[in-house]
Every structure is written in C-alpha cells, then in structure tokens.
Asks: 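First the structure, which I've put down as structure tokens, then a few questions once you've had a look.
By convention in this document, chain letters (A, B, ...) are assigned in the order of the sequence lines, proteins followed by strands, and residues within each chain are numbered from 1.
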Amino acid sequence: MAGKLAEIKNWNVELEREITEKWRKSSMFKFDAKTKKKIYSIDTPPPYINSPIHMGHAVTYCFMDMFARYKRMKGFEVLFPLGLDRNGLPIEMGAEKKFNVSPFVVGREKFMEYCEKLLNETTIESTDSFAKLGISFNSYEVGNNIGEVYLTDSPDYRALTQSTFIELYRKGEVYEDNRINNWDPKLQTTIADSEIDYKDIQSKFSDIKWKVKETGEEIVIGTTRPELICTCGRVIFNPKDKRYLHLEGKTAISPIFGREVKIKAHPLAEIDKGTGLVMMCSVGDLSDIQFFREQHIKPVIAINKDGTMNENAGFLQGLKVKQAREKMIEELRSKSLLVRQTDILHRTPVSERSNAEIEFIEMPEFYLKQLDLKKELREIIKKIDFYPEDSVKILHDWMDSISIDWPISRRRYYATPIPLWYSEELTALPVPGEYYQPWKESPPENSEVLKNGKVIGKVKDFPKQKWRGEERVFDTWFDSSISELVILKYKSNPEFFKKAYPASLRPQGKEIVRTWLYYTLLRGYLETGKPCFKDVWIHQHILDEKGKKMSKSLGNIIDPQEILKEFGAEAMRLWASSEGDLSKGDFICSKEKIRAELKTLNKLINISKFILQFEKPKKAKLSDLDKLFIDYIENLTRETGESYEKYDFYHPIASLRKFLWDSFASHYIELVKNRAYNAEKKFSKEESESAKYTLYYLLERLLVLMHPVIPQSTSLIAAELGINLFESEFPDAKTWKSKIELLEKITEFNSYVWKAKKEKNLSLKAEISGIEIPKELKDFEKDLKFCHSLI
RNA sequence: GGCCCAUUAGGCUAAUGGCAGACCCUCUCGUUUACACCGAGAUGACGGAGGUUCGAUCCCUCCAUGGGCCACCA
C-alpha cells in the first residue's frame, strides 16, 4: 500500500482543505458549452449575500450538489451555476446599518454607492463557504459564460429584467393603477409587507351613535379609528345577525359629518364582535381596501402622505392621525354621541424600521396581469414533476388565494429601475436589450414614444419634450423570477436556450413557493408559453437541536462555518443525507450527530486500508459466498439508482451505511480474512484470489455509490485504487441470482457463534466445538469454519 | 383566525393492516494480522379517546401537544 491513505489515521479537515481548494481552482466541473451530452440544469436559489450563509443554505446546497454529481455520473452535462442575489431591501437595510446612512439624507446616488460598497465586501465570504462544502458549481468566478457566477444586480441581469418588462408593457400585460400601499409616514416611503411588524398597542374601542335615515332609529357602531368616520363607505352586519336584518338596504347617517352610507349584510361582520355593526372605511386596513374593491365603492382618502388629515376630514384637517382621533372623540363626547369606550390591546401594523404606525395610502403602481392566467398556469403545472408530489398543493393553495394582479413597482433604490420616461401625456419606452437608469439618464433617441398606449414615434421625433425619468424600481421577485432564463442564456444565446429550456430542476424551500416558484412559472409561461422546469424539488427547514427555528433573536443559530471547522464538509454532507428526507420533513441539526458521521468516514478509510494491502486480482473464479455478496451489492446498486433518480438520498445512504458497517465490515471481511491472507495455505490460490477480487469489487462499488454524497473521501480512496471517480459512470445494476436472504442467515449464524463463545468465556479466535452449521449454509461451510475456528 | 404537517425507547429517527428496525446515550463483557472513532451483548417506545376490521402503531373521527405557512380584521 502506498500513497496518502497510508498516512491517514482519521478523516480530517486538513485533508479537505487541500481537496476543496484544488476543486475550486480547477475547471473540473466547468460547463462545456459545446457538449454533445444531454444537459441537466439546476436553477439554484441565489442566496442573499448580506450575511454569511446559514445552516439552511449549507444543507440544501449539499443536496443540490449531490444531485449534480449524480447526474454527472449518469452522463449528463450538468449546468450548476451559483447565483448571488444582490437586489432589494436586505441590501439597503444592511447598508443603512453598517454605514449609518439614510437614503433620505444622502440621496439616491450616494446611497447606492454605499450599497455597492457593502456588496463588494460580503460577496467573497459567502462563496468561500460553498467552496469549503465541496459544492461543485461550474465556476466560482463571476462572468457571462454559461455556468459562471451571476449577480442579480449586474447590468446584464437587470437589462434582461427590463427587456421582459418592456415586452410585457408593449403587449399590455402591464398596467398602472391606483392602489393602497403600506405607507410609513415617518420615513415618507412605501414599504413592503415584509417590512411590517405587528405590535400590541394600547388602544380604545369606541362605540358611537349613528342614525338611520329612513326610520330615524339610533344604531351603535364600534371602531378603533373614529377619525376615519368621514371615509366610511358602507355599514355592514352579518347576514345571520337577527338584530339588524331590518336595516338591509337602508341608509346610515354618519355622526358629525352627516354623510349618507348604505347599510348591507356582509359575512365579513362578526355577530359577537363589537356591536355587530361595522363601519367600512377606505383606509382602515388592508381588508377594508379589498372590501371596497369587491363592492365597487369609491374610496374616500382622508390621510395625506405626511400622516395628517386632509380636507375630506373636515374639521380634523391638518391634524396628525392621533391628534385627530382625540379631537374626534372629544367632539363626539360633547355631542353625546359616544356611548362608551373600552380599552383594548390592538395589534397594530408598525414600520419595522421607524416604529411608526403604518397608514394605508392610495398611490399609482404598476401591475402585471395574472388573474386571467390562472387556468393556463394550472395546466402548465400539471406537466411538472414535483418532489415530493404533495408539495404542488402549496402552489395550488396559493393560487386559489390570489385575488389581485401582481404589483411589481416599488419606491426603493437598490433594485432594477423601471425603464420608462414621461413627458406630459407621453411615455417613452426604450428598446429592449440595454440596461437603463431613467432616474439619472435621459431616454435614448430610439425609444418609442407612446400616447394612450399607441406608438406615435421615437424620442428623436420630439426634440422639444422634456423627459422625466421613472423613479420607481421593480419588486425583487420581478428579478428573481427570471433566474432560469438567465442561466439558460435566454436572448443572449438563443441556440443554447432552445436546446436547454426548460430547466431540469428547480430546488427551493417551501416558504417561497408562493413567491419564487409561482412568479417564475408565471414569467416563464409569459415568455415561452411552456413550463419552465421539468422537476421541482421542495425542501423543508433546518431546525436547531431542540427542533426550533434558528433565529438571531433566539440565539440558537448553528453556524455552518463552525461545523466545517470542527468536523468538515464530508461529515456534514453525510449527516445531511442520513438525517432524513428533507423534502418530507424538517431536519433537527445536532452537532453530536454530525460528529458521529466521522466514524463512518473512518470506517471506510480503514476498510480501504485493509483491502489495499492485497494485490488486486484481474479476475477470479468466484466462490459462492463471494457471489452472494456481489449480488447483494448489485441489488443495492439498483435500489440506490432508483432512489437517486427521485432525489431521495436518504434511503440509499441508510442502506449503504448499513451495508458498510454490518454486511461488509463485520461479516464479509471477518469471514474472508483467513482466505485472503491464506497464511497457513489452507485455501487454494483460486479461493484466495476470489476473496481479494470480491473485497475490491465491493469496496469500489461502495465508493461509486456514495460518491455523490461524500465526494472527497470516496475520490481520495478511489485514487489509491487507480480509479478516477470523476470520470466513473454510475453503474447499471446487473441482475442478481443468488438467494440474498442467505446473507441474513449468515449474519445470524455469525452472531450465534460469537454469542456462544462469549457465554463460554472464550476469546473470539479460540476454537469451539459442538456448533452445527445450518443446512442452507453448507455452501459456505469452509469460510464459516475457518472464521470461527469451528471444530 | 385559516390552512398544512407531525406526535414511535432518555434523545433523534425508520418500516409496516398480523414479530416495531437502526443510531446516539446508559449498562455488562471483551481486545481478534483494517479500525478503540473497535467488537459482542443488554435495558428501553407506537400522545389520549372512540370507530372501521378477525386483527390497528399504520385507515377514519375527535381531543391534546408541538411545528410551520398565510392572514391578522370594525
């Protein structure tokens, strides 16, 4: 035995460092654009790089890497690129925090420089962890070649995002409409739903007297927002609420303002909440807004962008919302219109950053039509294989609940700008293909000019117009939802795109099915009319040692970098595959378990060391026992391949591990040791060769089967056997003929003998008499006899 | 509040309409020309209540507990 293995006692992190460094610098996993092989492409989820990767990233990328390595062994040219998400809020918030700047103070241009500064510092850290995990991305270098690292904020990526928008705009798939937004009155900006926190705030529930016009009767309505009475568009009660059935269709008159409002039954009102009567206001909260849309009621806006009341609020005009509320209560009380006030804890939406209470303000935003496409999309979805199958349900559930078109514009900075310019009633739409920044650039001369949606010329035909650039940007999902188009070189390499589309696999977490997956399917369909994936693999979460979600605030984060340092990538990958099926359930991350995987790696090394001391025979006439074990691993090969095809690594690895420890190490090796050494020449040369041949056969096969999961250790060992696993094919199983159940009998018999010796206080190599070899094991008599020194 | 998923030994996990199988831990014993990060063995489990069935850990219903996603409503 020569080579590295001889020097190794344990699998260790130093070994890994050498190997993964080599991989990273080599081009061994590079995508060959000229390939004649079939293409297998993985649309990897580009992680946000504002912080180092977390355990969830680490584990899920390990799985993707297993898929990629398996497919390579199956003869595919595998497209497995790394993407980095660099757009959007997390980046902006990171920059604000790190450099202590605010876009409202330093201005857009300067602020974006800070964002870029942040991005340049963090990118390297996150890719480094991937390399240490042994992830076989096609490349670790940023570039535009197929398979190279892509950045979602690169001019090319953004140009493609804009191109798709321009086409959609032309086709009329995008429109602008007034809609209610979350408004932070302190920071003076719209904010995304994800930036909203909910806080329990002490508030008062006020019961207020109204009048019914037709009958003159007094009704009492409860509200937490009395200052909004002026915006009330309807009074509702539950259709089953007998107290108010007689009010149906009548008219309520609002106190103080004296406005007439229709009263109608609507299930949104709950009988036992408040008085059972609800005033629906156009700016109370999001459900109110939806109500107004459904009922086609024209909203009344009473709050300005700065959080003060406007002219619609009458005597409250100019007051801040809270002051207005107090003034209103005062007024109601003085007119004896206030029945009572109750203290309640009100769950109030507040801005995560400013802590200001959110107001809902109507503003124009761009929408992408999606409601009309639901049916077609569902047909498309049928053509995609989901792993696990049930996970398609998450998607359908989400689609069921979609009730408005997709708002795609945001009032933000570090994101893809919306490529439009305006001048009076004219709109300039640039030519697709370039990256545009209208907020600081003039429209190109060759941009189309539209009036009422019709093209009436080019910008150069209107030399006197002063153009105002669009300042809004796209929702980040509008960028992310074309990732598969980007990696497959849509538009930039049509020939390749045609060959490679749809992408083979979309791996992703269940929590972004409604965003990333749904939007990608929608956008892919709009661009190509086809499903954009063949397979979708949905995974669950990585939890802490107690089964809780890891989060910074709980302080229960297990850092993958720490695991890598302590136990290494191989142990972590083996753990990831052994812990369970991540598409079926969450993983509980335990350091102890990851540490325990090192044992298996060492076992593999030790077995290999043992086998390497023998010469490998070129061929052999196999004994029955050897045939039995070979057939067993052939059978295991078939099962493993079938499971890998279904992205199931858990079951095969469990079987392979069992085979390694039990069948192979404890039983087969013990049984044939004597025959392989043949020190006392009790066996024929043929018999001895058969044992050695089989030892190599089993080991080599085991290495091949486990290679996608533990690529470093298996390839290192295989190299000592003269095998390059990176060029090995995943074997097709040969049919097996032996009675595999005999293997179980053999292990039973071995245990029986070992136990007997123990009971008699004999050493395991001592001779023992009086043990009968079972009839069905007669074929293996010689091995059994020598192994146990039966006399 | 809506929806989804889970509940198996001290911990973690698997399979199954008819003996519930590993691993980690614990205990006992042992050291064999690959391995003490070893070997042999032992203890120990189907959340609760109904129902379907000859038979239920598995199928159904309800309850309890835990987790997740979404919505958070006058």
Asks: Ignoring backbone atoms, establish whether A/His541 has a side-chain N or O less than 4.0 Å from OP1 or OP2 of B/C5.
Replies: no
Asks: Send over the distance from A/Ile394 CD1 to B/G68 C1', rounded to a whole Å.
Replies: 10 Å
Asks: Answer with base, sugar-phosphate or nothing: what part of the nucleic acid does A/Ser751 contact at a heavy-atom distance below 4.0 Å?
Replies: sugar-phosphate
Asks: Which of these nucleotides, B/U13, B/U33, B/C38, is closest to any side-chain atom of A/Asn674?
Replies: B/U33
Asks: If you look at every strand shown and take non-hydrogen atoms under 4.0 Å, does A/Glu670 touch a base, only sugar-phosphate, or nothing?
Replies: base
Asks: Between A/Ile605 and A/Asp662, which is nearer to the 5' end of RNA chain B once each is assigned its nearest nucleotide?
Replies: A/Asp662
Asks: Whole angstrom is fine here: how far is it from CG in A/Leu5 over to C1' in B/C35?
Replies: 12 Å
Asks: On a whole-Å scale, what distance lies between the P atoms belonging to B/U61 and B/C4?
Replies: 11 Å
Asks: Remember a base hit wins even if backbone is also touched, and classify A/Ala654 as base, sugar-phosphate or nothing at under 4.0 Å, heavy atoms.
Replies: nothing
Asks: Please map the stems of RNA chain B, keeping only stretches of three or more Watson-Crick or G-U wobble pairs with both distances under 3.5 angstrom.
Replies: B:1-7 with B:64-70, B:26-30 with B:38-42, B:47-51 with B:59-63
Asks: Minimum heavy-atom separation for A/Gln712 to A/Ala569, with atom names?
Replies: NE2-CB, 3.8 Å
Asks: Under the 3.5 Å rule, do the base of B/C69 and the side chain of A/Lys510 count as making a donor-acceptor pair?
Replies: no
Asks: From the options A/Phe63, A/Tyr647, A/Tyr644, A/Trp537, select the one residue that forms a ring-ring contact (aromatic ring centres under 6.0 Å, His included) with A/Tyr387.
Replies: A/Tyr647
Asks: So which nucleotide from B/A14, B/U33, B/A40 ends up closest to the side chain of A/Trp754?
Replies: B/A40
Asks: Kindly determine whether A/Phe683 and A/Phe786 satisfy ring-ring contact (aromatic ring centres under 6.0 Å, His included), including the steps that lead there.
Replies: CA-CA 10 Å; A/Phe683 292 88; A/Phe786 274 94; 4.9 Å; yes
Asks: Taking the P atom of each, how far is B/U65 from B/C73, in whole Å?
Replies: 25 Å
Asks: Please determine, for the side chain of A/Arg514, which listed nucleotide (B/G41, B/C70, B/C38) has the closest atom?
Replies: B/C70
Asks: Rounded to whole angstrom units, what separation is found between the NZ atom of A/Lys673 and the C1' atom of B/U32?
Replies: 6 Å
Asks: In this structure, how many angstroms lie between the C1' atom of B/C12 and the CZ atom of A/Arg595, rounded?
Replies: 16 Å
Asks: Can you figure out which of B/C12, B/C35, B/A40 approaches the side chain of A/Asn606 most closely?
Replies: B/C35
Asks: Please determine, for the side chain of A/Trp661, which listed nucleotide (B/C38, B/G68, B/U32) has the closest atom?
Replies: B/C38
Asks: Salt-bridged, A/Glu579 to A/Lys593, with N to O below 4.0 Å?
Replies: yes
Asks: I need the NZ-C1' distance between A/Lys593 and B/G11, as an integer number of Å.
Replies: 8 Å
Asks: Determine, for A/Trp516 and A/Arg506, whether the Lys NZ or Arg CZ falls below 6.0 Å from the six-membered ring centre while staying within 45 degrees of the axis.
Replies: yes
Asks: Rounded to the Å, how far apart are A/Leu598 CG and B/C24 P?
Replies: 13 Å
Asks: Measure CZ/A/Phe749 against P/B/A40 and give the value in whole Å, please.
Replies: 16 Å
Asks: Between A/Gln540 (CD) and B/C5 (C1'), how many Å, whole number?
Replies: 8 Å
Asks: Using a cut-off of 4.0 Å on non-hydrogen atoms, how would the nucleic acid contact of A/Ile669 be classed: base, sugar-phosphate, or nothing?
Replies: base
Asks: Do A/Glu700 and A/Lys616 sit within salt-bridge range, that is, some charged N less than 4.0 Å from a carboxylate O?
Replies: yes
Asks: Which residue, A/Phe629, A/Trp661, A/Tyr697, forms the ring-ring contact (aromatic ring centres under 6.0 Å, His included) with A/Tyr668?
Replies: A/Phe629
Asks: Answer yes when A/Arg675 and A/Asp626 have at least one side-chain N-carboxylate O distance shorter than 4.0 Å, and no when they do not.
Replies: yes
